[in-house]
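Shown next, in structure tokens, is the structure this report addresses.
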Amino acid sequence: MEIERWERSEEISDAEKKVIQEIWSRVYANCEDVGVSILIRFFVNFPSAKQYFSQFKHMEDPLEMERSLQLRKHARRVMGAINTVVENLNDSEKVSSVLALVGKTHALKHKVEPIYFKKLTGVMLEVIAEEYPSDFTPEAHGAWTKMKTLIYTHVTAAYKEVGWAQ
């Protein structure tokens, strides 16, 4: 599959960074449960994504996925990486290096098609908006949309850097 055109992330303002960090502090307080919800919705909506996970690629039942220790472990890892990005929104080099590592690992080691990052970050926004509706104002939605694009842009840039071709 060909990588989509390379997107540029829009600058996240200081006010938007604050909104992202405030909402994230509530989300991260329930990091494993929210992370599991995100991954289950991701796998239900995009079952082809499960092909990259030998431990739970044959699971169809969301309740079975929810009980999977491997899925929970991966959810904690995903949420931890996002947490590092959110905590360091004021340090673009740190954000870039964290997301470059994620991108390179997923490109070279796991051979994951980059489009799945766009799909996953979209699901992340849906779940956060549903779980924290009073926090997810139009302003917050705009800020988180920029955050989603930031993640996807940096991860896919790492794919391009390592010469991704599939």
Side-chain angles (χ1 to χ4, degrees), residues 7 9 12 14 16-46 49-57 59 62-132 135-136 140-141 143-159 161-162 164:
E7 299 179 29
S9 59
I12 301 174
D14 289 342
E16 289 168 328
K17 289 175 186 175
K18 188 174 186 224
V19 167
I20 290 167
Q21 289 169 333
E22 286 172 358
I23 293 172
W24 184 255
S25 69
R26 288 187 272 295
V27 171
Y28 200 63
N30 302 309
C31 100
E32 186 171 324
D33 290 338
V34 176
V36 167
S37 294
I38 290 168
L39 287 183
I40 289 172
R41 174 146 340 151
F42 177 59
F43 292 136
V44 166
N45 291 354
F46 306 101
K50 290 189 293 182
Q51 70 183 305
Y52 302 107
F53 297 92
S54 60
Q55 319 92 316
F56 43 87
K57 73 178 177 184
M59 291 181 190
L63 286 173
E64 185 183 3
M65 286 185 225
E66 190 175 345
R67 289 189 290 264
S68 166
L69 295 177
Q70 291 91 350
L71 189 137
R72 288 189 164 278
K73 181 179 177 184
H74 194 68
R76 283 191 304 271
R77 208 174 305 132
V78 169
M79 296 298 278
I82 296 167
N83 187 59
T84 301
V85 170
V86 171
E87 284 182 344
N88 290 285
L89 280 175
N90 292 316
D91 183 348
S92 59
E93 286 185 29
K94 177 75 172 179
V95 167
S96 187
S97 70
V98 167
L99 293 174
L101 180 61
V102 168
K104 288 174 185 174
T105 301
H106 283 79
L108 299 172
K109 184 177 178 187
H110 305 299
K111 312 281 191 234
V112 175
E113 292 179 42
I115 190 63
Y116 285 108
F117 283 93
K118 182 173 243 177
K119 294 174 180 182
L120 178 64
T121 55
V123 169
M124 177 184 76
L125 254 61
E126 287 174 16
V127 170
I128 292 172
E130 288 171 18
E131 302 258 341
Y132 302 88
D135 293 327
F136 223 75
H141 187 270
W144 276 94
T145 299
K146 287 182 181 181
M147 175 71 170
K148 171 185 135 174
T149 304
L150 171 98
I151 292 169
Y152 181 70
T153 302
H154 281 282
V155 167
T156 54
Y159 273 76
E161 189 179 311
V162 298
W164 170 264

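A quick note: this is a predicted structure, and the numbers were derived from the prediction, not measured. Along the sequence shown, the residues carry numbers beginning at 1.
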Does any N or O in the side chain of Tyr28 come within less than 3.5 Å of the main-chain N or O of Gln21, such that one atom is a donor and the other an acceptor? no
Look only at the side chain of Thr105 and the backbone of Val102, and say whether a donor-acceptor pair between them is shorter than 3.5 Å. no
Does the Ser96 side chain pair with the main chain of Ser92, one donor and one acceptor, at a distance under 3.5 Å? no
Are the side chains of His154 and Val98 in contact, using a 4.5 Å heavy-atom criterion? no
4.5 Å side-chain heavy-atom contact, Asp14 and Asn90: yes
4.5 Å side-chain heavy-atom contact, Lys73 and Gln55: no
Under 4.5 Å between any side-chain heavy atoms of Val78 and Ile82, yes or no? yes
Test side-chain contact (heavy atoms from CB on, under 4.5 Å) applied to Val95 and Leu150, Ile151, Val86, the passing residue: Leu150
Is the shortest heavy-atom distance from the side chain of Trp144 to the side chain of Met124 under 4.5 Å? yes
Is any side-chain heavy atom of Glu66 less than 4.5 Å from a side-chain heavy atom of Ile40? yes
Between Ser68 and Glu64 (side chain of the first, backbone of the second, donor and acceptor by atom type, cut-off under 3.5 Å), is there such a pair? no
Distance (rounded to the nearest 0.5 Å) between Met59 CE and Gln70 CD: 6.5 Å
Are Phe56 and Leu39 close enough that some pair of their side-chain heavy atoms sits under 4.5 Å apart? no
Find out whether Lys146 and Ile20 are in side-chain contact, i.e. whether some heavy atom of one side chain is under 4.5 Å from a heavy atom of the other. no
